[in-house]
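Everything on this sheet refers to the single structure shown next.
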Amino acid sequence: MPICRLHNKKTNKNLRGSLTTLTLTIIDIKTEKAISATVNRSTERKMINKDSNLLPSKEELYRLANELNDFSVEYHKVGLYDKALIGYKEAVRIRLVARKAERCKYSSKMEDFANLSRATVKEWYETLKMQKEELLLKTAGQQTPILLLDLYHERGSRTTCFRRNIVIVKPICSATQIIEEENKSKSVNSAVTLYNIGLIHQEGNNLIRASQLFSMALCILPQVSYPSLTAHILYSSAQILYQAGDFKRATHDICKSIQEYSRAAMSGTSHLGDSVELNLASTIALLGRIHFEEKNCHRAVELCQEVLRIRCSVLGDYHIHTAAASYNLALVLAGTGR
């Protein structure tokens, strides 16, 4: 029995030693894993920080997007719509990347930022500079494009084809005075680019797509803070509806546009760089055209008189747009028998 007890003690001792060794081994494995995990996280953070140093800041991305939009406007103005469309779409993509950079701080889906290192951004600027010089050389000898006028037409000639011959507004450059980081201003230049894309589709008579893009621009635009830009987009939307023959909805958008232009004129703010009064006159002229086509000539006369008053005040009596307003008024007056 004593021998047995001694054996048991020895066995217990050996067992305790084995358990202690096993426990230490487990601790070592856990520690190694913990250290390994810590090292991996530290390495990952270093890699992210390294990549972030190579990647452009969101401010640089916003600036590049604005440059792309504004250069595409130059293509747009001279009728190179395919090239303009490529630039506009790239501007939209870069702004989306900048938004994603704000949310994830470059820490996830690094593939989203492919081809947008600081080196490639620099190359973008150099390419844009070269393309601007080439465009200037190509357009230097070209004749000034024919000025289009918003003329009404005789009753017998007012058909759908004439509705397509309205004056489509010019594309808009980025609002450079707007700080993209301000919460209410982040979407303004995105709205501008979407609006410009819509104008290209309007030029191509793709009215449905143009209308969708104008609606998207209005949705992301902080309309309360930017009444003149809101009115501008509403005016183009009304043109689309007029071209489609939907006079009721066109009138609705025109009335909203007039309200926004009036609000912008009262506050003295315009983010378009041109005259609020002249834009307002163009909008009123479109409303007068609708009333003229609906044979409501007395209301059309009042609207045409207002357009003529504004253009005389801003442009003078002998400007060609003032002459167009005089012609429209005379045509409408003839419709009343006066």
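Note that the coordinates shown come from a computational prediction; the quantities given were computed from them, not determined experimentally.
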The test is side chain to side chain contact (heavy atoms under 4.5 Å, CB included); show your working for Arg63 and Glu59 and say whether it passes. CA-CA 6 Å; Arg63 200 175 302 118; Glu59 292 83 3; 4.1 Å; yes
Verdict with reasoning, Glu293 to Tyr242, per side chain to side chain donor-acceptor pair (under 3.5 Å): CA-CA 11 Å; Glu293 292 201 17; Tyr242 167 77; 2.4 Å; yes
Applying side chain to side chain contact (heavy atoms under 4.5 Å, CB included), run through Ser190 and Val92 and close with a yes or a no. CA-CA 7 Å; Ser190 296; Val92 171; over 6 Å; no
Worked check of side chain to side chain contact (heavy atoms under 4.5 Å, CB included) between Ile197 and Leu85: CA-CA 6 Å; Ile197 296 173; Leu85 197 57; 3.7 Å; yes
Go through the steps for Arg99 and Tyr62 under the test side chain to side chain donor-acceptor pair (under 3.5 Å), then give the verdict. CA-CA 9 Å; Arg99 294 287 180 85; Tyr62 282 130; 3.1 Å; yes
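A parallel orientation is assigned to the rings of His321 and His319, their planes being inclined by less than 30° (bins at 30° and 60°). Tyr195 and Phe214 have tilted rings, their planes meeting at an angle from 30° to 60° on a 0 to 90° scale. Below 30°, between 30° and 60°, or above 60°: for Phe292 and Tyr152 the angle between ring planes is below 30°, a parallel geometry.
In this structure, CD on Gln239 lies 3.5 Å from CD1 on Ile166, to the nearest 0.5 angstrom. Between Ile94 atom CD1 and Glu67 atom CD the span is 11.0 Å, to the nearest 0.5 Å. Atom OG of residue Ser262 and atom CD of residue Glu277 lie 10.0 Å apart, to the nearest 0.5 angstrom. Here the OH atom belonging to Tyr327 is positioned 13.5 Å from the CD1 atom belonging to Ile320, to the nearest 0.5 angstrom. One distance of note links CG of Leu280 with OG of Ser275; it measures 9.0 Å at 0.5 Å rounding.
Residues His232 and Ser282 have side chains not in contact (no heavy-atom distance under 4.5 Å, counting atoms from C-beta outward). Under the 4.5 Å side-chain criterion, counting only non-hydrogen atoms from C-beta, Val314 is not in contact with Thr322. At a threshold of 4.5 Å between non-hydrogen side-chain atoms, the residues Asp246 and Ile240 do not count as touching. Considering only heavy atoms from C-beta on, Val188 comes within 4.5 Å of Pro222 through its side chain. Looking at heavy atoms from C-beta onward, Arg209 lies in side-chain contact with Leu213 at the 4.5 angstrom threshold. The shortest distance between side-chain heavy atoms of Asn328 and Val307 does not fall below 4.5 Å. With a 4.5 Å cut-off on side-chain heavy atoms, Leu229 and Ile172 count as touching. When side chains are defined from C-beta on, Asn69 does not count as touching Asn189, because their heavy atoms never get closer than 4.5 Å.
For Ser237 (side chain) and Ile233 (main-chain N/O), no donor-acceptor pair under 3.5 Å exists by modelled atom type. Looking at Ser215, its side chain does come within 3.5 Å of a backbone N or O of Ser211 through a donor-acceptor pair. Of the possible donor and acceptor atoms, one in the side chain of Thr336 sits under 3.5 Å from a partner among the backbone N and O of Leu333. Judged purely by atom type and a 3.5 angstrom limit, Asp70 uses its side chain to pair as donor or acceptor with the backbone of Ser174.
Closest heavy-atom contact between Ser326 and Leu308: OG-CD1, 3.3 Å. Closest of all the heavy-atom pairs between Val73 and Pro171 is CG1-CG, 3.8 Å. What you find for Leu151 and Ala324 is that their closest heavy atoms are CD2-CB, 3.7 Å. Minimum heavy-atom separation, Gly198 to Ala210: O-CB, 3.4 Å. Nearest approach of Gly87 to Ser72, heavy atoms of both residues: CA-OG, 3.1 Å. What you find for Ile200 and Tyr81 is that their closest heavy atoms are CD1-O, 3.8 Å.
Salt-bridge annotation for Arg311 and Asp150: present, with a side-chain N of the basic residue lying under 4.0 Å from a carboxylate O of the acidic one. Salt bridge annotation for Glu260-Arg263: present, with a cationic side-chain nitrogen under 4.0 angstrom from a carboxylate oxygen.
For the side-chain contact (heavy atoms from CB on, under 4.5 Å) with Leu234, the qualifying choice from Ile254, Asp253, Ile258, Thr283 is Asp253, the only one to do so. Checking Arg299, Gln305, His298 one by one against Glu302, the side chain to side chain donor-acceptor pair (under 3.5 Å) holds for a single residue, Arg299.
With hydrophobic clusters built from ILVMFWY side chains whose heavy atoms lie under 4.5 angstrom apart, Ile290 shares a cluster with Ile168.
For the residue pair Asn66 and Arg95, a side-chain donor N or O sits within less than 3.5 Å of a side-chain acceptor on the partner.
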